[in-house]
Amino acid sequence: MGKKLLSAAAGIALVAAGAIGGAHWVGESRRTAQAAEPDVKDPGRIARGEYVARTADCVACHTAPGGRPFAGGRAMETPVGAIYTTNITPDPETGIGRYSYAAFRDAVQHGVRMDGAPLYPAMPYPSYAIMPDADMQALYAYFRSGVEPVVQRNAPSTIPWPLNMRWPMAWWQLLFAPDREFVPPEGADARITRGAFLVEGPAHCGSCHTPRGLAYQEKAMSLADGDAFLSGAVIDGWRAKSLRGEAQGLQAWSQAEIVDFLKTGRTDKVAAFGAMADVVEHSTRYFTDDDLQAVAAYLKHLPPVAGRLKQFSDKADTTTADLQAGRLTTRGAVLYMEYCAACHRADGQGVPRTFPALAGNSAVFAEYPQSLIQITLEGGTMPANDHDAMAFAMPAFRMLSDEDIASLVSFIRGAWTNQAPPIAARDVAATRAFLAAKAPHIVPQVQGDKNE
């Protein structure tokens, strides 16, 4: 028996050594050869890098609310715990000030740190992999010379052992993050091709809007990879809507409305809240008009997801007349008139660019109701922009019971011309529990930079 146990232990040790050693070899194989250092003081390259950083939305992820730009500390929730974003300022001790260009490119495009450890896929390196060398060199110059260094140490994740071990990530990267190049959509013109590059690459839209598999991999990196691409997903408790052409996606959106939404975070009907508000405020509102038009053209070019409803059937609005006449036949209708109608009105149309419409709002009748539940519980603020006078806030209604919020949300999802199924109190309870368990962001009380 002792010999058998010893043999088994030896076998396990050999397998473990092979797995760890193999992972190390895989990680090393992903590192690029040393490359010539670009001129990081060139003003044109720095300016180009700042724009590339905006298209890649680096600031939104690597800046905690209330924290210093690019200093990290933002909690990124995953199914197994929170990952804290890192300090990517040029501080040499706590940031990336000692990264060579090759090391920087390895981290951004291949998910390998300077010390050889693989990065978690919360960093969208599978998307950044298609970015050209010129963009990467410009990005490097910007982070070396255009960003203020901040002394702020990185925080460990809250993922428990053994799931927090990094070496298995090398095998994940081998399977799900191979080297790849951008392939334009077949038959696409120059505008749609540019839009496809931005969506698939630096803007990494699929990181939120494409569902993930059991290994937390995006199920498709482009439409050529499968019909799951941009078909909608749940991320950080929010429902990232389908960006495809079906009824619950972008079918009812015009190209001009997509441009307006990406530029300002609102249209006459809808407004961005939650994670998308950060995307607009820190990233898409800085896109050039040509790039906004390109993204919108590409998204409208995408077909509906197979098997999904392409367009809603006509439905008469009886809700408005009932509410105006005081015919409140459900608990949800009573709650709507008490808490919502003052801003969103009895006809559900709200006030254009001020209070979002609830009638005909694709966030309301989305396949999954998480976003609507979360905004009702937690409230939110529209993103700031240069085109609207004010950023309005939605108050939180967490004081309502799960049953009341379920009644209210169900009413809204089926009122006016909306056609979405009701939700249950357990759906609200699940979202409330998720919000209560979220890891806090890390914002040091005392921060400094090398000039202080």
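Since we're looking at a predicted model, the values are computed, not measured. Just so you know, these numbers use all the heavy atoms, side chains as well, and skip hydrogens, waters and symmetry mates.
- Looking at Leu230 and Val305, their side chains never come closer than 4.5 Å, going by heavy atoms from C-beta outward.
- The main-chain N or O of Ala75 is found under 3.5 Å from a side-chain atom of His441 such that the two form a donor-acceptor pair.
- Residues passing the side-chain hydrogen bond (donor to acceptor under 3.5 Å, both in side chains) test with Thr94, sequence neighbours excluded: Asn87, Asp91.
- Taking 4.0 Å as the cut-off between side-chain N and carboxylate O, Arg285 and Asp386 count as a salt-bridged pair.
- Annotation: Lys438, atom NZ; neighbour count of heavy atoms from other residues, nucleotides and ligands within 6.0 Å is above 12.
- Under a 3.5 Å cut-off, the side chain of Asp236 and the backbone N or O of Ala275 do not form any donor-acceptor pair.
- Between atom NZ of residue Lys300 and atom CD1 of residue Ile258 there is a gap of 5.5 Å, rounded to the nearest 0.5 Å.
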- How far apart are the C-alpha atoms of Thr63 and Arg68, what are their side-chain angles, what is the distance that settles it, and do they pass the side-chain contact (heavy atoms from CB on, under 4.5 Å) test? CA-CA 6 Å; Thr63 306; Arg68 298 285 292 275; over 6 Å; no
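- Rounding to the nearest 0.5 Å places CG of Leu299 at 7.5 Å from CG of Leu262.
- When only modelled atom types and interatomic distance are considered, Thr284 and Lys263 share no side-chain donor-acceptor pair under 3.5 Å.
- Between Ala406 and Val428, the closest heavy-atom pair is N-CG2, 3.8 Å.
- Side-chain N or O atoms of Thr86 include none that pairs as donor or acceptor with a backbone N or O of Asn154 at under 3.5 Å.
- The closest donor-acceptor contact from the side chain of Glu77 to the backbone of Ala439 lies under 3.5 Å.
- Within the 3.5 Å criterion, the main-chain N or O of Phe365 finds no donor-acceptor partner in the side chain of Arg413.
- Heavy-atom minimum distance, Ser157 versus Asn164: OG-CB, 4.3 Å.
- Look at Arg194 and Asp290 and you find no salt bridge, because none of the NZ, NE, NH1 or NH2 atoms lies under 4.0 Å from a carboxylate O.
- Applying the ring-ring contact (aromatic ring centres under 6.0 Å, His included) rule to pairs touching residues 198-249 yields Tyr128-His204, sequence neighbours excluded.
- Between the side chain of Arg45 and the backbone N or O of Ala138 there is no donor-acceptor pair closer than 3.5 Å.
- Met76 CE to Ile83 CD1: the interatomic distance, rounded to the nearest 0.5 Å, is 8.0 Å.
- Nearest heavy atoms, Val150 versus Ala71: CG1-CB, 3.8 Å.
- Side-chain contact between Thr431 and Leu435: present, with at least one pair of heavy atoms (C-beta onward) separated by less than 4.5 Å.
- Within the 4.5 Å cutoff, no side-chain heavy atoms of Glu200 are placed close to those of Ser127.
- Between the CD atom of Glu37 and the CD atom of Gln137 there is a distance of 10.0 Å, given to the nearest 0.5 Å.
- Few gaps surround OH on Tyr51; more than 12 heavy atoms of other groups in view lie less than 6.0 Å from it.
- Nearest heavy atoms, Leu243 versus Leu302: O-CD1, 4.1 Å.
- Neither side chain, Glu246 nor Gln311, offers a donor N or O lying under 3.5 Å from an acceptor on the other.
- Closest approach of Asn361 to Asn418, counting heavy atoms only: N-OD1, 4.4 Å.
- For the pair Arg54 and Tyr286, the cation-pi criterion (under 6.0 Å, within 45° of the ring axis) is fulfilled.
- Residues Thr89 and Glu148 form no side-chain contact, since every pair of their non-hydrogen atoms from C-beta on lies 4.5 Å or further apart.
- There is no side-chain donor-acceptor pair under 3.5 Å between Asp260 and His387.
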- Message: Pair Tyr298, Phe197 - check side-chain contact (heavy atoms from CB on, under 4.5 Å), show working.
- Response: CA-CA 9 Å; Tyr298 171 65; Phe197 166 75; over 6 Å; no
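- Looking only at atom types and distance, the side chain of Ser407 has no donor-acceptor partner in the side chain of Glu403 under 3.5 Å away.
- No side-chain heavy atom of Thr381 sits less than 4.5 Å from a side-chain heavy atom of Phe392.
- Between atom CD1 of residue Ile235 and atom CE of residue Met276 there is a gap of 13.5 Å, rounded to the nearest 0.5 Å.
- Side chain of Asp404 to main chain of Ser401: no donor-acceptor pair is present (N/O by atom type, distance under 3.5 Å, no hydrogens or angles).
- Under the 3.5 Å distance criterion, the side-chain polar atoms of Asn385 are matched with a main-chain donor or acceptor of Thr264.
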- Message: Test side-chain contact (heavy atoms from CB on, under 4.5 Å) on Ile373 and Leu377; report intermediate values, then the result.
- Response: CA-CA 6 Å; Ile373 296 172; Leu377 283 170; 3.9 Å; yes
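- Side-chain contact between Arg244 and Pro304 is absent, with no heavy atoms from C-beta onward closer than 4.5 Å.
- Salt bridge status for Asp189 with Arg191: absent, with no side-chain N to carboxylate O gap under 4.0 Å.
- Remark: side-chain polar atoms of Thr210 are not paired, donor with acceptor, to backbone N or O of Glu218 under 3.5 angstrom.
- Summarising the geometry of His282 relative to Ala60, their closest heavy-atom pair is CD2-CB, 3.9 Å, with the distance given to 0.1 Å.
- With hydrogens and angles disregarded, no donor-acceptor distance shorter than 3.5 Å links the side chain of Asp106 to the backbone of Arg113.
- Tyr125 and Gln173 are linked by a side-chain donor-acceptor pair at a separation below 3.5 angstrom, with hydrogens and angles left out of the test.
- Proximity of Pro356 to Lys269: side-chain heavy atoms (C-beta onward) are nowhere separated by under 4.5 Å.
- A salt bridge links Asp135 to Arg48: at least one charged side-chain nitrogen sits closer than 4.0 Å to a carboxylate oxygen.
- With contacts defined as side-chain heavy-atom distances shorter than 4.5 Å, the pair Pro121/Trp172 qualifies.
- The existence of a salt bridge linking Glu93 and Arg153 is excluded, since no basic side-chain nitrogen approaches an acidic carboxylate oxygen closer than 4.0 Å.
- Under the side-chain contact (heavy atoms from CB on, under 4.5 Å) test applied with Ser242, the options Gln251, Arg308, Gln248 reduce to a single match, Arg308.
- Within the structure, ring-ring contact (aromatic ring centres under 6.0 Å, His included) contacts touching residues 83-104 (residues at least two apart or in different chains) are Tyr101-Tyr140, Phe104-Tyr140.
- Interatomic distance, Asp402 CG to Arg426 CZ, rounded to the nearest 0.5 Å: 12.0 Å.
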- Candidate pair Ile130 and Glu181, rule side-chain contact (heavy atoms from CB on, under 4.5 Å), full reasoning: CA-CA 5 Å; Ile130 67 173; Glu181 296 182 356; 5.8 Å; no
